[in-house]
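Note that these values count all heavy atoms, side chains included, but never hydrogens, waters or copies made by symmetry. Sequence lines set the chain letters: A, B, ... in the order given, protein chains first and strands last, and positions in each chain run from 1.
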Amino acid sequence: MSETKKALNFIEHIIEEDLEKGYSNDDLRFRFPPEPNGYLHLGHASSICLNFGLGERYDAPVNLRFDDTNPAKEEKAYVDAIKRDVEWMGFTWEKECYASDYFQELYDWAIQLIKEGKAYVDSQSSEAMAEQKGTPTEPGVAGPYRDRSVEENLDLFERMKNGEFEEGMHVLRAKIDMASPNMLMRDPILYRVLKKAHHRTNTDWCIYPMYDWTHGQSDYLEQVSHSLCTLEFLPHRELYDWCLDQLVSKTKLRPKQREFARRNLSHTVVSKRKLLKLVEEGHVFGWDDPRMPTISGLRRRGYTPEAIRNFADTVGIAKRENLVDVSLLEFHVREHLNKITPRVMAVLNPLKVVITNYPKDEMEWLVAENSPEDESLGSREVPFSREIYIEKEDFREEANRKFFRLKLGGEVRLKNGYIIKAESCTKDTEGNITEVQCTYDPKSKSGSGTEESLRKVKGTLHWVSVAHAIKAEVRIYDRLFTNENPDGHKDRDFMEFINPNSLNTITGYLEPSLKDAKVGERFQFQRLGYFNVDLDSTPENLVFNRTVTLRDTWAKIQQKN
RNA sequence: UGGCCCAUGGUGUAAUUGGCAACACAGCUGGUUUUGGUCCAGUCGUUCUAGGUUCGAGUCCUAGUGGGCCAACCA
């Protein structure tokens with residue numbers, strides 16, 4: 001690999017420094033720790049690429065750990081979806097772990113904490129506790145149960161565990177510092193009663209540990225060396241370290257939490273809560289709707305894992321606020337799809353062209369190269385006949401020199417076929433063009449080697465034979481939000497910016513070779529964009545998604561005028 | 001009226017840790033092309049402000065400005 005010179009990000013600098021200061025390469029271990037309460041999105045993809053990328057770079061193991069401490073929100077179905085997504089991204093985890101596997105250790109450590117006088121059972125309402133907690137600018141005050149005896153704490157905590165109390169009656173709190181400038185250190189809650197079945201431990205437990213009492217310990221148990229999370233957890237670091245201080249053994253590795261900025265993508269939202277809202281309110285058809293920035297949505301849309309990984313690598317990782325333009329993501333899909341997809345012809349907005357000097361009952365098969373990028377993809381045959389469809393946008397009665405397409409009296413080449421000349425056109429009563437009459441040059445057939453076939457004409461159009469075309473449903477997607485940063489307005493809700501026209505379903509006319517296209521297969525519809533076969537597709541009713549358009553300089557030229 | 005984090009072209013990230021500010025995307029010009037795609041060549045544009053330390057500051061210090069995070073029995 002020529003990657004060795006690649007610049008390091010700040011996390012890699014930290015690791016390099018640790019390596020110099022005495023960590024051995026074998027000490028390195030990472031983890032990707034999603035909560036199974038929703039589907040993974042592009043933000044997670046960054047984290048996945050970071051953690052697993054570090055694993056690859058340092059040849060270190062990476063665990064997949066489910067942070068499953070809140071049975072009220074978590075489900076097995078999400079666990080399965082997450083595993084599928086990480087696998088699809090092309091990464092392999094060392095161990096599949098669950099925070100719930102550590103419930104017993106966590107409980108034992110909590111007992112130890114109580115015995116050392118560092119935790120107590122609080123029996124107030126959450127409102128009362130919130131009041132005593134103070135505000136960021138005012139210190140908190142001690143509640144009435146802060147100095148309960150160790151014996152009473154031990155007894156109450158055990159009874160909490162045994163299910164003797166209803167939810168909300170008692171919680172276990174760490175006894176740290178009610179006046180700390182860090183709100184999280186003001187006696188954080190460690191355990192709460194939750195009488196809900198857990199997707200793995202079922203009803204074994206009715207008390208569940210909070211995030212802060214779980215995460216660092218889980219890292220420690222798995223001997224994760226660098227625990228990477230997003231910036232909003234930065235204030236948690238002090239508590240993460242406090243929790244570790246209570247139990248870390250000098251002979252074992254002590255995990256480090258470090259924080260990076262989450263990636264924000266323009267024209268979308270990346271927050272499970274907000275994505276859930278889009279699903280629940282029916283603005284999209286589900287978590288894997290091709291318009292969603294979820295990994296499953298992107299997969300269904302036709303994105304490749306390579307494209308997403310290259311995107312994540314290009315964007316990199318840092319600590320500042322950011323809003324990455326979707327065009328960078330689109331660049332990376334195009335880059336990959338350009339290399340791997342076979343080219344085909346499809347007309348999405350048909351206009352009939354009759355080639356008047358082509359015999360009525362004749363047809364022929366023309367040879368078409370599958371990819372100019374990859375010869376090994378070979379070629380196929382496409383049927384040509386007297387009546388074909390071209391795109392409506394590809395014909396004008398008259399146009400200036402910049403218009404390389406078909407106009408009356410002008411010539412274009414039909415891709416893989418003949419040069420045609422537009423002679424006349426017919427219109428309906430409203431003046432819409434309904435048909436174009438052309439003549440063709442029989443000697444200009446592509447690949448025939450004749451002088452005429454070598455003749456240069458400015459425009460080349462894609463087309464399909466009317467008699468041979470197969471119809472398919474084609475789903476054209478646009479951005480989900482009309483605003484570049486729907487989440488970034490203090491006075492406006494992100495839902496105000498939802499794009500009502502993010503999905504446009506049309507009928508396309510495809511060359512017949514596409515008849516047997518399988519779900520998931522990707523193609524370039526020449527001059528139009530990259531498309532793949534949607535999950536909803538059946539042999540009787542083909543359904544395609546437009547993954548992304550081709551780069552369109554013609555559209556830019558038109559915009560300027 | 002608190003604590004913490006951050007600030008480099010339009011966007012995202014680099015800068016051998018104090019030594020000529022660079023890479024990708026986007027934009028613009030041109031060339032090639034049987035995809036107005038791809039590819040190739042070229043081009044535009046950057047260190048928040050004010051002080052300080054230093055031979056030398058994007059990098060260190062001070063102050064300011066701007067943005068973000070922190071008061072869930074969520075993670």
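Using a 4.0 Å heavy-atom criterion, one finds that A:V171 contacts the bases of the nucleic acid, with or without backbone contacts as well. Residue contacts for A:L194: at a heavy-atom cut-off of 4.0 Å it reaches no nucleic acid atom on any strand shown. In this structure, A:K490 reaches the sugar-phosphate backbone alone: every heavy-atom distance under 4.0 Å involves primed, P, OP1 or OP2 atoms, never a base. Residue contacts shown for A:M129 include a base, since a base heavy atom lies under 4.0 Å away. As judged by a 4.0 angstrom heavy-atom cut-off over every strand, A:L528 is placed among residues making no nucleic acid contact. A:R551 comes within contact range of the sugar-phosphate backbone alone, with a heavy-atom separation under 4.0 Å but no base atom that close. Across all strands shown, A:R405 has heavy atoms under 4.0 Å from base atoms, whether or not it also approaches the sugar-phosphate. Base contact: A:K415 has a heavy atom under 4.0 Å from a base atom. Residue A:Q132 is out of contact with every strand shown, counting any heavy-atom pair closer than 4.0 Å. Within the 4.0 angstrom heavy-atom criterion, no nucleotide atom of any strand lies near A:K339. Residue-level contact check: A:Y191 touches neither bases nor backbone, having no heavy atom under 4.0 Å from any strand. At the heavy-atom level, A:Q526 lies under 4.0 Å from base atoms of the strands shown. Residue contacts for A:G447: at a heavy-atom cut-off of 4.0 Å it reaches a base atom on one of the strands shown. A:R343 comes within 4.0 angstrom of a base, heavy atoms only.
Of the listed nucleotides (B:C73, B:C28, B:G12), B:C28 has the atom at the smallest distance from the side chain of A:K556. When the nucleotides B:C73, B:G36, B:U8 are ranked by their closest atom to the side chain of A:T553, B:G36 comes out on top. The side chain of A:K73 lies closest to B:A72, out of B:C70, B:A72, B:G37. For A:V315, the side-chain atoms get nearest to B:G12 when compared with the rest of B:G12, B:U35, B:U38.
Salt-bridge annotation for A:R380 and A:E511: present, with a side-chain N of the basic residue lying under 4.0 Å from a carboxylate O of the acidic one. With respect to A:E391 and A:R405, no salt bridge is recorded, no charged nitrogen being found less than 4.0 Å from a carboxylate O. The pair A:R479-A:E330 meets the salt-bridge criterion, with a side-chain N (NZ, NE, NH1 or NH2) lying under 4.0 Å from an Asp/Glu carboxylate O. Note on A:E451 versus A:R455: no salt bridge recorded, every NZ/NE/NH1/NH2 to OD/OE distance being 4.0 Å or above.
Projected onto RNA chain B by closest heavy-atom contact, A:W554 and A:T69 fall at different nucleotides, the more 5' of which corresponds to A:W554.
B:C40 sits 40 Å from B:G56 when the C1' atoms are compared, rounded to a whole Å. A gap of 15 Å separates the C1' atoms of B:U47 and B:C60, to the nearest Å.
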**Request:** Produce a footprint string for nucleotides 15-21 of chain B: one letter per nucleotide, 5' end first; B if the base is under 4.0 Å from any protein heavy atom, S if only the sugar-phosphate is, - if neither.
**Result:** S-B----
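A donor and an acceptor atom never sit less than 3.5 Å apart when one is taken from the side chain of A:H332 and the other from the base of B:A24. Under 3.5 Å, the side chain of A:E238 and the base of B:G3 form no donor-acceptor pair of N or O atoms.
Base-pairing analysis of RNA chain B finds the following stems of at least three consecutive Watson-Crick or G-U pairs, with both pairing distances under 3.5 Å: B:2-7 with B:65-70, B:10-13 with B:22-25, B:27-31 with B:39-43, B:48-52 with B:60-64.
Looking only at atom types and distance, the side chain of A:E259 has a donor-acceptor partner in the side chain of A:Q257 under 3.5 Å away. Counted by atom type alone, A:E393 and A:N349 present one or more donor-acceptor pairs between their side chains at under 3.5 Å. In this structure, a donor-acceptor pair under 3.5 Å is absent between the side chains of A:S180 and A:N182. A:D219 and A:Y240 form a side-chain donor-acceptor contact under 3.5 Å, judged by distance and modelled atom types alone. A:E373 and A:S371 are not linked by any side-chain donor-acceptor pair at a separation below 3.5 angstrom, with hydrogens and angles left out of the test.
In this structure a side-chain-to-backbone donor-acceptor pair under 3.5 Å is present from A:H198 to A:D68.
A salt bridge (Lys or Arg N to Asp or Glu O under 4.0 Å) with A:R146 holds for exactly one of A:D122, A:D177, A:D187; it is A:D187.
Side-chain nitrogen and oxygen atoms of A:K319 include at least one within less than 4.0 Å of the OP1 or OP2 phosphate oxygen of B:C6.
A heavy atom closer than 4.0 Å to some atom of RNA chain B occurs in no member of residues 37-50 of chain A.
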